[in-house]
Structure formats: C-alpha cells, structure tokens
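All values reported here derive from a predicted model rather than from experimental measurement. Numbering of residues begins at 1 and proceeds along the displayed sequence. Remember, it's 1-based here, ligands and their atoms both numbered in the order they're listed.
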Amino acid sequence: MTEPDSPLAQLHRQIAQAAETAGRRAADVALLAVGKRQSPTAIRALFEQGQRAFAENYVQEALAKQALLADIDIVWHFIGRIQRNKTRDIAAHFDWVHTVDRAEVAERLSAQRPPARGPLNCLIEVNVSGEASKGGVSPEALPALVAIMNALPGLRLRGLMCLPAPSPNLDAQRAAFRQLRLLRDQMGDPALSLLSMGTSSDFAAAILEGADIVRIGTALFGARS
Ligand SMILES: *Cc1c(COP(=O)(O)O)cnc(C)c1O
C-alpha cells in the first residue's frame with residue numbers, strides 16, 4: 001500500500017501536477033525508479049507500494065540485486081554507460097535499455113539478446129547539451145543510428161533519452177528537454193514514440209516538454225550510499 005505521505009505518493013502528486021500544467025494526463029507519464037547505490041531492501045519496499053519499473057546504472061550491482069529480488073516481478077531498465085564487454089549481460093538481464101549510443105553496442109545487444117525474451121526495448125541516448133564528457137549520440141549522427149537499429153531483429157527501438165547538464169533554472173531545463181522533443185518530431189519515425197527525460201531535480205520541466213518516462217532516484221529513495 002502507498003502511504004499518503006510516502007515519497008512515492010508525493011512524487012505521484014508532483015508528476016500529476018506537472019502533467020496537468022502541461023495539459024497532459026498523469027497516466028501518460030511513467031515513473032522509473034532509479035535504484036543505483038540503493039539497497040535491495042529499499043527497492044523491495046517501493047515494489048510493495050506498487051512501483052514496478054526500476055533502473056540500474058552498473059551491471060555487476062544490478063545482477064547482484066536482481067538475484068536477491070528474483071521472487072518479485074520487476075521490470076528492469078538499464079540507464080548506465082554501456083561498455084562493450086557488458087552487452088551480453090545487459091541483453092540477457094534487462095527488459096529496457098535507455099542508453100544505446102553507437103552502432104557497435106546496438107549490434108551486440110541484438111545478437112546477444114536471448115530469443116526467448118523477445119526483442120530488447122531500446123532508447124537512443126542523445127547528447128543534447130554537446131558536452132564532450134557525456135555519453136550519447138550527437139544529433140547529427142542520430143538518423144544513421146536509428147536506421148541501423150530499426151533493422152536489428154533483436155531490438156525494438158522505442159524512443160530517445162537524454163541527461164542534460166543540471167541547471168537550477170526552469171527555462172534552461174526546458175530548453176534542453178525541448179531539443180530532444182524537437183529532434184524526435186523532426187525524425188518523424190513512429191518507432192521513436194517515447195521520450196525518457198527528467199530526474200529528481202528537473203522532472204517537472206521534462207514533463208512540460210513532453211517526457212513519457214521520468215527517471216527518479218534521490219527524490220524516491222533519499223541520498224545514495
Ligand atoms: C542517477 C540517474 C538518474 C536519477 O537521478 P536522481 O537525481 O537521483 O533522480 C536518472 N537518470 C540517469 C541516467 C541516472 O544516471
């Protein structure tokens with residue numbers, strides 16, 4: 001059960017408020033709980049309050065938690081940087097991947113996806129702020145990667161993701177998220193239906209700009225260990 005004052009209930013209210021401001025339905029914004037460096041016990045507690053989708057950034061940490069939480073029906077999302085030697089584990093142990101940003105990784109994930117699990121749901125991470133240190137494909141290279149991924153049988157392309165540089169300013173937050181939405185609209189590819197954008201510090205701006213999935217860690221779990 002969700003307690004009325006639990007972080008989860010508060011977050012659902014804040015998401016609903018932002019959706020209402022945007023003229024959108026709260027039910028159209030999915031909450032992804034980011035459990036990196038949070039305990040399996042904390043994840044299980046959120047599951048018991050009704051949360052189903054959880055995200056992890058580090059493969060080894062995720063596999064250890066998945067083993068301890070195998071008795072409950074979590075939908076697992078991978079949102080970390082993808083090293084090429086980790087693609088086999090990601091393809092086998094996740095339902096969604098938000099951070100595909102190059103053809104080599106896409107091809108490996110497709111080839112290594114166990115057929116019995118069906119195609120792996122993928123989003124492409126786009127580097128909208130142009131930061132050299134960040135993962136993500138450049139907007140210029142996006143069309144070629146979309147074409148490659150649409151042709152890979154082990155993947156199902158679902159949308160675009162971004163993690164812009166944090167900003168305390170709502171207008172600057174919105175500008176970065178708007179870039180992802182405009183890119184998606186320019187592409188005009190029906191496979192790119194979902195926008196994964198917004199964290200604890202900027203999810204309201206992301207929802208105003210059309211986020212379909214918000215990825216929330218600290219606002220749900222508290223500070224990471
Ligand atoms: C950690 C992380 C989040 C969640 O950030 P919070 O500030 O804890 O809400 C979202 N997206 C990605 C890609 C992350 O690595």
Side-chain angles (χ1 to χ4, degrees), residues 6-15 17-18 29-40 42-43 45-46 49 51-63 65 74-83 86-87 90 93-102 105 109 120-137 158-170 172-174 176-177 179-181 183 194-225:
S6 68
L8 182 62
Q10 286 179 28
L11 196 56
H12 277 305
R13 282 200 298 274
Q14 291 170 323
I15 288 172
Q17 207 164 55
V29 182
L31 171 59
L32 179 55
V34 177
K36 64 167 177 252
R37 291 191 272 123
Q38 306 287 354
S39 71
I43 292 173
L46 266 188
Q49 294 170 59
Q51 178 65 27
R52 290 295 173 266
F54 289 85
E56 292 289 334
N57 290 61
Y58 308 105
V59 174
Q60 291 319 118
E61 178 186 337
L63 297 190
K65 286 181 192 168
I74 288 178
V75 179
W76 290 102
H77 295 238
F78 188 78
I79 62 168
R81 293 288 285 270
I82 303 177
Q83 296 170 273
K86 295 288 171 31
T87 53
I90 294 170
H93 296 285
F94 286 84
D95 303 293
W96 291 73
V97 178
H98 293 228
T99 42
V100 179
D101 64 358
R102 55 198 194 275
V105 158
L109 289 171
L120 177 64
N121 295 296
C122 288
L123 293 90
I124 296 175
E125 181 177 1
V126 182
N127 186 348
V128 287
S129 43
E131 288 166 278
S133 62
K134 278 264 168 75
V137 68
R158 304 299 300 267
L160 303 179
M161 175 272 203
C162 69
L163 181 65
S167 164
N169 174 301
L170 183 74
Q173 292 172 0
R174 288 189 65 163
F177 295 133
Q179 282 186 58
L180 195 71
R181 172 165 55 81
L183 259 181
L194 300 177
L195 296 175
S196 164
M197 55 190 197
T199 67
S200 297
S201 52
D202 54 16
F203 66 88
I207 291 168
L208 290 171
E209 295 298 338
D212 300 286
I213 304 172
V214 292
R215 309 179 308 267
I216 311 286
T218 49
L220 269 178
F221 288 101
R224 283 182 274 277
S225 61

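Within the 4.5 Å cutoff, no side-chain heavy atoms of L194 are placed close to those of L160. Side-chain contact between F203 and V29 is absent, with no heavy atoms from C-beta onward closer than 4.5 Å. You'll find the side chain of Q173 stays beyond 4.5 Å of the side chain of P164, heavy atoms only.
One finds no salt bridge joining K36 and E61 here, because no Lys/Arg side-chain nitrogen approaches an Asp/Glu carboxylate oxygen to under 4.0 Å.
By the 30° and 60° cut-offs, the orientation of the rings of F54 relative to F221 is tilted.
The residue from N57, I216, T199, L220 that alone fulfils the side-chain contact (heavy atoms from CB on, under 4.5 Å) condition with V34 is N57.
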Quick check for students: name every N or O atom pair between ligand 1 and the protein closer than 3.5 Å, with distances.
residue, atom, partner, partner atom, Å
ligand 1, 8 (O), T218, N, 2.9
ligand 1, 8 (O), T218, OG1, 3.3
ligand 1, 8 (O), R224, NH1, 2.7
ligand 1, 8 (O), R224, NH2, 3.3
ligand 1, 9 (O), S200, N, 2.9
ligand 1, 9 (O), S200, OG, 2.4
ligand 1, 9 (O), G217, N, 2.8
ligand 1, 11 (N), R215, NE, 2.9
ligand 1, 11 (N), R215, NH2, 3.4
ligand 1, 15 (O), K36, NZ, 2.7
ligand 1, 15 (O), N57, ND2, 2.7

